Amino acid sequence: MNDERWQAVRQLVLTRVSEVDPGISSTSALEALDAAASNPRALSVIARSFEDGPAALRTGAPPVVGRLVRELRARGSILAEPTCTRCARTGLDL
């Protein structure tokens, strides 16, 4: 992924995260993104998930978004723990 696309995706993530958790710092959100999306494919999945809004942050799906939510929560985010809609368990790759 080229640098321009990388920066655009990072900005998209910051925008979506701030829509659902305005209190988390940009630094914390970017650290969470870097931890959750360790490769260009993961970053592309996150970008596609956020194209229409922040809803993926509330469901924690696809799995890379669930990892992002867990990383955000580890940095103080108020986002809810992603929960399986079938069994209500947490800590799963949804």
Side-chain angles (χ1 to χ4, degrees):
M1 181 175 296
N2 68 36
D3 190 52
E4 186 175 303
R5 175 73 175 137
W6 171 252
Q7 292 303 323
V9 171
R10 289 169 63 90
Q11 186 56 52
L12 175 63
V13 170
L14 283 176
T15 299
R16 297 306 187 218
V17 168
S18 68
E19 288 173 11
V20 295
D21 185 358
I24 194 163
S25 72
S26 297
T27 300
S28 293
L30 290 174
E31 288 173 353
L33 176 61
D34 290 342
S38 58
N39 61 63
R41 184 181 185 302
L43 195 59
S44 293
V45 170
I46 288 174
R48 282 192 310 274
S49 298
F50 290 164
E51 286 175 351
D52 294 326
L57 288 167
R58 292 186 180 100
T59 61
V64 69
V65 176
R67 287 193 297 276
L68 175 60
V69 171
R70 285 193 292 280
E71 292 292 339
L72 289 164
R73 287 175 49 83
R75 290 162 176 78
S77 175
I78 62 168
L79 289 171
E81 177 79 19
T83 304
C84 178
T85 57
R86 290 186 182 168
C87 67
R89 291 187 302 176
T90 59
L92 305 172
D93 281 341
L94 306 174

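Just so you know, these numbers come straight off a predicted model, no measurement behind them.
The two atoms that bring A35 and R75 nearest to each other are CB-NH2, 4.1 Å, heavy atoms only. When every heavy atom of L57 is checked against every heavy atom of R16, the shortest pair comes out as CD1-O, 3.7 Å. The two residues V9 and A47 have their closest heavy-atom pair at CG2-CB, 3.8 Å. Taking each heavy atom of A29 and L14 in turn, the nearest pair found is CB-CD2, 3.6 Å. When every heavy atom of A42 is checked against every heavy atom of V64, the shortest pair comes out as CB-CG2, 3.7 Å.
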Determine, step by step, whether L72 and D21 satisfy the side chain to side chain contact (heavy atoms under 4.5 Å, CB included) criterion, reporting the C-alpha distance in whole Å, the side-chain angles of both residues, the deciding distance to 0.1 Å, and the verdict.
-> CA-CA 10 Å; L72 289 164; D21 185 358; over 6 Å; no
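The closest side-chain heavy-atom distance from T15 to F50 is not below 4.5 Å.
Following chains of ILVMFWY side-chain contacts shorter than 4.5 Å, one cannot reach V13 starting from I78, and the two form parts of different hydrophobic clusters.
Going from atom OG of S77 over to atom CZ of R70 covers 13.0 Å, rounded to the nearest 0.5 Å. Note that CD of E71 and CG of L30 are 13.0 Å apart. Values are rounded to the nearest 0.5 Å. With values rounded to the nearest 0.5 angstrom, R48 atom CZ is found 10.5 Å from L43 atom CG. Taking CZ of R10 as the start and CG of D34 as the end, the distance is 4.5 Å to the nearest 0.5 Å.
Between the side chain of R67 and the backbone N or O of A37 there is no donor-acceptor pair closer than 3.5 Å.
By the neighbour-count criterion of 12 heavy atoms within 6.0 Å, atom CG of N39 is densely surrounded, having more than that number from other residues, nucleotides or ligands.
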